[in-house]
Amino acid sequence: MLTGKTALVTGSTSGIGLGIAKALAAQGANIVLNGFGDVDGPKTEVAALGVQVAYHGADMSRPEEIEALMSFSAERFGRIDILVNNAGIQHVSRIESFPPERWDAIIAINLSSAFHTTRLALPAMQAAGWGRIINLASVHGLVASAEKSAYVAAKHGLVGLTKVTALENASSGVTCNAICPGWVLTPLVQKQVDAKAAALGLSNDEAVALILGEKEPSKTFTTPEELGALAVFFCSPAGNNVRGVAWNMDGGWVAQ
Ligand code: NAD
């Protein structure tokens with residue numbers, strides 16, 4: 001379905017981003033990977049799906065590196081047809097003790113990077129008359145939790161950016177939507193499980209049960225594969241007129 005198209009997925013060396021990159025590659029899209037840590041493993045996993053893969057290590061907190069990533073992608077594949085703004089970090093602390101530099105980093109990576117990639121990707125999508133922008137927000141783009149001020153602020157902002165992007169392109173073939181997962185067991189969440197286990201003297205399984213039990217009625221994690229399938233739907237013809245939604249996949253979290 002996506003053969004001949006190119007998808008850039010930011011923060012795709014791990015977790016949800018890698019899951020979405022693989023789901024889009026399975027539909028035939030060439031992939032630009034981005035992110036830190038092991039690169040060869042993710043590159044091999046995506047290439048095994050029979051598509052072309054490139055990697056750029058831009059730090060998504062730095063606008064000039066984002067510009068380099070976008071130029072690199074355009075030079076390598078001609079243009080980006082599908083942009084998945086996924087890179088994100090977390091820090092958990094009450095506001096009065098929240099380190100200002102962590103606030104700045106979260107706003108830069110989880111929110112401002114999506115503005116920069118979007119502004120740079122849109123002209124080619126508009127000229128082509130087709131494009132998909134998918135923003136990885138969170139249930140925390142819709143509701144709040146204590147001790148996650150920067151993350152909740154950034155994700156609410158990202159849902160707002162999603163709506164504006166969708167509206168400004170509503171009469172074209174360019175759509176923009178947000179995905180709002182509840183808990184997904186990735187390295188980002190394992191850190192929170194480890195912190196809970198250490199603070200309360202719990203085993204890993206006990207900490208997982210506590211975390212899921214607090215807010216996620218299904219008491220199960222959403223998987224990167226399930227989120228990848230939703231991204232594929234947004235890219236399918238059935239998604240042509242889905243514009244500006246914030247689609248939660250959260251085990252019932254925000255239904256409460
Ligand atoms: P993860 O830690 O597994 O992956 C994050 C990715 O972002 C990695 O590839 C990492 O290298 C990359 N990254 C981090 N900082 C970066 C930077 N400055 N520049 C470039 N890349 C950078 O996390 P994840 O759980 O897969 O999270 C992916 C996205 O999904 C995030 O935006 C997160 O907020 C969102 N999300 C996650 C969950 C969850 O439960 N895991 C729930 C809702 C939303």
Side-chain angles (χ1 to χ4, degrees), residues 8-23 31-39 41-43 45-46 55-70 72 84-92 101-102 104-114 116-117 134-145 148 150-159 161-162 178-194 196 208 211-212 214-216 218 220-228 230-231 246-251 253-254:
L8 164 62
V9 186
T10 68
S12 46
T13 49
S14 168
I16 295 168
L18 180 56
I20 290 178
K22 285 164 67 178
I31 302 293
V32 182
L33 294 171
N34 157 260
F36 302 147
D38 174 40
V39 173
K43 259 180 120 171
E45 283 183 54
V46 175
Y55 167 79
H56 192 283
D59 179 337
M60 298 306 290
S61 69
R62 296 174 175 272
E64 67 282 6
E65 294 192 24
I66 296 172
E67 293 194 5
L69 163 66
M70 302 306 282
F72 165 84
V84 183
N85 290 308
N86 168 81
I89 59 169
Q90 175 63 284
H91 185 83
V92 180
E101 63 278 10
R102 287 283 83 200
D104 288 343
I106 290 175
I107 298 298
I109 297 166
N110 296 20
L111 176 58
S112 299
S113 74
H116 292 296
T117 53
I134 300 170
N135 292 327
L136 253 292
S138 162
V139 285
H140 287 119
L142 304 169
V143 294
S145 293
K148 296 187 174 176
Y151 190 87
V152 168
K155 295 299 188 181
H156 274 68
L158 189 56
V159 170
L161 176 65
T162 301
I179 297 179
C180 299
W183 290 116
V184 187
L185 191 54
T186 65
L188 180 141
V189 163
Q190 188 60 48
K191 276 188 217 150
Q192 295 174 64
V193 171
D194 294 345
K196 187 76 89 180
V208 163
I211 279 179
L212 285 173
E214 277 168 359
K215 300 213 167 171
E216 186 132 350
S218 68
T220 56
F221 289 106
T222 300
T223 66
E225 291 73 23
E226 289 163 345
L227 295 163
L230 181 54
W247 191 314
N248 43 310
M249 209 184 231
D250 63 356
W253 186 318
V254 303

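Atoms within a ligand are numbered from 1 in the order they appear, just like the ligands themselves. Everything numeric in this text was worked out from a predicted model, so none of it was measured. Values reported hereafter were calculated over all heavy atoms of this structure, with side chains retained and with hydrogens, waters and symmetry mates removed.
Applying the 4.0 Å criterion to heavy atoms of Ser12 picks out, from ligand 1, the atoms 9 (O). Using a 4.0 Å cut-off to heavy atoms of Asn34, the atoms of ligand 1 that qualify are 20 (C), 21 (N). Interface atoms of ligand 1 facing Ala58, defined by a heavy-atom separation under 4.0 Å, are 19 (N), 20 (C). The atoms of ligand 1 that sit less than 4.0 Å from any heavy atom of Gly88 are 5 (C), 7 (O), 31 (C), 32 (O). For ligand 1 and Asp59, the ligand atoms under 4.0 Å from any heavy atom of the residue are 17 (C), 18 (N), 19 (N). Interface of Tyr151 with ligand 1, defined as ligand atoms under 4.0 Å from a residue heavy atom, comprises 33 (C), 34 (O), 35 (C), 36 (N), 37 (C), 43 (C), 44 (C).
To the nearest 0.5 Å, atom CG of residue Asn135 and atom OG1 of residue Thr162 are 4.0 Å apart. Expressed to the nearest 0.5 Å, how far CG of Asp250 lies from OG1 of Thr222 amounts to 7.0 Å. Rounded to the nearest 0.5 angstrom, Cys180 SG and Leu227 CG are separated by 10.5 Å. Here the OG atom belonging to Ser138 is positioned 9.5 Å from the NE2 atom belonging to His156, to the nearest 0.5 angstrom.
Taking the side chain as every heavy atom from C-beta outward, Val92 and Gln90 approach each other to under 4.5 Å.
Between Asp59 and Arg62, at least one side-chain N (NZ, or NE/NH1/NH2) sits under 4.0 Å from a carboxylate O, which counts as a salt bridge.
Checked by distance only, ligand 1 and Pro181 stay at 3.5 Å or farther apart across all their nitrogen or oxygen atoms. Where the criterion is an N or O separation shorter than 3.5 Å, residue side chain and backbone included, Lys155 meets it with respect to ligand 1. At under 3.5 Å, not a single nitrogen or oxygen of Gly17, backbone or side chain, sits near a nitrogen or oxygen of ligand 1. Between Ile89 and ligand 1, not a single N/O pair is under 3.5 Å apart. Residue-to-ligand polar distances keep Gly35 apart from ligand 1: every N/O pair is separated by 3.5 Å or more. Residue Ile109 has no nitrogen or oxygen atom sitting less than 3.5 Å from a nitrogen or oxygen atom of ligand 1, judged on distance alone. Residue Trp183 has no N or O atom closer than 3.5 Å to an N or O atom of ligand 1.
The aromatic rings of His140 and Trp253 stand perpendicular to each other, their planes meeting at an angle above 60°, with 30° marking the opposite boundary.
Between the side chains of Asn34 and Thr10, no donor-acceptor pair of N or O atoms lies under 3.5 Å.
Taking all heavy atoms of Lys191, Arg62, Met60 into account, the minimum distance to atom 19 (N) of ligand 1 is reached by Met60. When the heavy atoms of Asn86, Asn248, Ile66, Val189 are ranked by distance to atom 39 (C) of ligand 1, first place goes to Val189.
The shortest heavy-atom distance from Cys180 to ligand 1 is not under 4.0 Å. At least one heavy atom of Ala137 sits less than 4.0 Å from an atom of ligand 1.
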